[in-house]
Amino acid sequence: MTHFSGNAQAMSLVAFSAVATITLLLCVMTGPDGDDLDEFYTGYGSLSPMRNGLAIAGDYISAASVLGTGGVIALCGYDGIALALSTALSLMLLMFLLAEPLRNAGRFTMGDAIARRMPGRSVRIAACAVTIAALLPLMLVQLAGTGQLLAFILGFSGDSLQTGCIIGLGALMISYAAIGGMKGTALIQILKIVMLQGSGAVVAVLMLRRFDWDPGALFTAAAAQSGVGSRFLQSGVQFTGSSHPRLDMITSELTVVLGGACLPHVTMRMYTARSARQVRRSMSWAVSLVVLFVLIITVIGFGATALIGRAVIAGADPQGNTAYLLGSRAAFGPEISTAETFLFTTVTTAIFLTLLASVAGMILACANSLAHDVFATRVQEMSEHREMTLARVSALAVGVPAILLATLVQHRSLQPLVTLSFCLGASALAPALVYSLFWRRYTRSGLLWTLIGGSAAVLLLMPGTNLVSGSPISAFPDADVNWFPFTTTGLVTIPLGFAFGWLGTVISGRRASEEQRHQYEAVEGWILAGAVRRSG
Amino acid sequence: VSPAYDLTYPWQPPLTDPPQAARRRPAEPALGHHSDLRILRSAYRWQRRTATLTALGYFTLFLILSAFAPSLMTSEIADGLPTGLLLALLQVPVTWLAIALYEHTARRNVDPIAARIRKQSEVDAKREAAR
């Protein structure tokens, strides 16, 4: 039941090759042709709000969230829906709270947005370090997942072949980022989100048809097949092993809410809009699409459990990462026509494209930050040509270590890495962004305290959490250093991140924060209204 | 206070800031003292706080209810549809509604002021350049 027919495999292989070729071609065609930094980093704000919104949603819905969330929904039911809703809410909060001032304050990278008020290399280097620290784990997850997913869809086994897939596709992802820049990757993201949502919506409709268009029947069937009965439809299945299941559930979801949308590969898309109003329109599109996707993934996840049972899904992958695909195939029923095989190929191709596009977006965010925040500020007046070359080389410099690390971690549970990313986003990036955009007295040392202290707290606590060791599904099942009995570090580190910022500001003294207040007022018109066009 | 400042903003009272703070500030006119900016600041602040706190508050309430009031959340409203799931799925249309509301109020309360400030600063910049 967990193997696909030879026909579907052959079709998938052809489709994957075609997609890889076409997207690379698109990147070459739409990539920046001159030595223009603005074009490489932001695509000149040339995208309409709708397209920009599609690209934001594309960047936001990564392969880890499609497969991971699909798995949690299929295995844990209610808790999975809460996770999917947290993801959607996170993007909505980004829209309400940060998107517009971020667009006005930033130019290319998160370092730009933060350093607007407090120029200085240390701030930029810290921003770059946190950017890479937060995105590298997510890249590893997707790269390692690529190998596993291809092995699953195409039906091969063998470690060397999986490693080969990771290296080959990793190279492809680096070229997307290096050649296409912001505009090229935007195009791929748009293609991906359309394909993912389109195929997902059709499958969800087919799934509902199998339950006579009655969601209640779907839920009941899923609960019956879940092995835990009606508990499937209430909170608590996901965190049963935890010693404080309820608190763990609440902090996990809130960590996703605060951290998800603050990750730099999402915020970098804010800078590509032409005005605050455009960014608002774009975000409306993006949030709507993500919410629609929550519906789709809920139906497919529940449908997977209802049709093939929780045990089979957990047997195929203990984290349920293949549930989305298994559910999609099960929606067609036992007899699969050619048209249905074609549709299923579209689903697998959409997932494949999602993997490619999300890693490319993350590599681009890291490379931009490395080139623009760290290297370009070292040299006074670096020529645009050199900075762009630097950005492209940086894509390589970020991508190659990521690929190597991914081949090392591919056989471990990847869940802690995803959690690490979200915790860093929520504990270091979110406080830094909120404070520097809205708190006038926030000083440079406050900012450094937030970024460094918040990240250090996460990195110190993370090895002690549930997912790293101590249980059979953790990353190191043989070891047991589990002393912090929660899934995420958010309960401690998010308040700590905010507290560090406050403390750093208080310690730096009254004079420094008064000065900052004046600095802030000097740029306030800029941040709030987008007044005075941003100069070089 | 430099005479140039008086020329640019003849309608404003001169600044009374301590001189060293003024020295450290960039050469651009300080926009923070504009009353337009103050209005925009409070409009934005109101909008942002209400929207954020409502969204976050609703979701936190949902999580707390899920965790600590299982009997309420499992009572079935319709056939096979527990209250908890209904509250969860209800968030989808509510989100769409919230976005529409946010866009509407932002367009009405915030955008016109922001546009005015942008225009003003453009005029200022032109004057500055002409001098």
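Residue numbers begin at 1 in each chain, while the letters A, B, ... track the order of the sequences. Treat the numbers as computed from the prediction; the structure is a model and nothing was measured.
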### Query
Heavy-atom distance under 4.5 Å to chain B: side chain of Met95(A), backbone, both or neither?
both

## Note on the structure
The interface call for Thr74(B) against chain A, heavy-atom contacts under 4.5 Å, is side chain

### Task
Output the option from Ala84(A), Ser235(A), Gly77(A) having the highest count of non-hydrogen pairs under 4.5 Å with chain B.
Ser235(A)

### Query
Using a distance-only test with no angle check, is there a side-chain donor-acceptor pair under 3.5 angstrom linking Ser513(A) and Thr443(A)?
no

### Message
Is Ile81(A) in contact with chain B via its backbone, its side chain, both, or neither, using a 4.5 Å heavy-atom distance?
### Response
side chain

### Task
Could you check which of Ile64(B), Leu89(B), Ile113(B), Val92(B) has the highest count of heavy-atom pairs closer than 4.5 Å to chain A?
Val92(B)

### Task
Check the pair Tyr44(B), Phe438(A) against ring-ring contact (aromatic ring centres under 6.0 Å, His included), reporting the backbone distance first and the verdict last.
CA-CA 11 Å; Tyr44(B) 246 136; Phe438(A) 302 120; 8.7 Å; no

### Query
With no hydrogens and no angle check, do the side chains of Gln91(B) and Tyr58(B) hold a donor and an acceptor under 3.5 Å apart?
no

### Task
Under 4.5 Å heavy-atom distance to chain B, tell me which part of Leu93(A) shows up: side chain, backbone, both or neither.
side chain

### Query
Is there a donor-acceptor contact under 3.5 Å linking the side chains of Thr105(B) and Gln47(B)?
yes

### Query
Distance from Ser282(A) atom OG to Arg277(A) atom CZ, nearest 0.5 Å?
12.0 Å

### Query
Does anything in residues 85-104 of chain B pair up under salt bridge (Lys or Arg N to Asp or Glu O under 4.0 Å), and if so which pairs, sequence neighbours excluded?
Arg281(A)-Glu103(B), Glu103(B)-Arg107(B)

### Query
Are Arg48(B) and Glu100(A) close enough for a salt bridge, meaning some N to O gap below 4.0 Å?
no

### Task
Sort Ala115(B) into side chain, backbone, both or neither according to what part of it lies under 4.5 angstrom from a heavy atom of chain A.
neither

#### Entry: Per-residue contact mode, Ser86(A) against chain B (heavy atom under 4.5 angstrom)
both

### Query
Would you say the side chain of Gln225(A) lies within less than 4.5 Å of the side chain of Phe232(A), judging by non-hydrogen atoms?
no

### Query
Has Arg517(A) got its NZ or CZ under 6.0 Å from the middle of the six-membered ring of Tyr520(A), at an angle within 45 degrees of the ring axis?
no

### Message
With a 4.5 Å cut-off on side-chain heavy atoms, are Arg440(A) and His518(A) touching?
### Response
no

### Query
Heavy-atom distance under 4.5 Å to chain B: side chain of Arg231(A), backbone, both or neither?
neither

#### Entry: Separation of Phe486(A) CZ from Thr488(A) OG1 (nearest 0.5 Å)
8.5 Å

### Query
What part of Phe239(A) lies closer than 4.5 angstrom to a heavy atom of chain B: side chain, backbone, both or neither?
neither

### Message
Quick check: under 4.5 Å, non-hydrogen atoms only, which of residues 247-259 of chain A neighbour chain B?
### Response
Met249(A), Ile250(A), Glu253(A), Leu254(A), Val257(A)

### Query
Non-hydrogen atoms of chain B under 4.5 Å away: do they reach the side chain of Leu295(A), the backbone, both or neither?
side chain

### Minimum side-chain heavy-atom gap Trp285(A)-Leu54(A) below 4.5 Å
no

### Query
Most heavy-atom pairs under 4.5 angstrom with chain B, which of Pro245(A), Pro101(A), Ser230(A), Ala217(A)?
Pro101(A)

### Query
What are the two closest non-hydrogen atoms of Ala88(A) and Val291(A), and how far apart are they?
CB-CG2, 4.1 Å

## Note on the structure
Scored by heavy-atom pairs under 4.5 Å with chain A, the best of Ala100(B), Ala125(B), Ala55(B), Pro70(B) is Ala55(B)

### Task
Considering only heavy atoms and a distance below 4.5 Å, find which of Leu40(B), Thr50(B), Val110(B), Leu56(B) pairs most often with chain A.
Leu40(B)

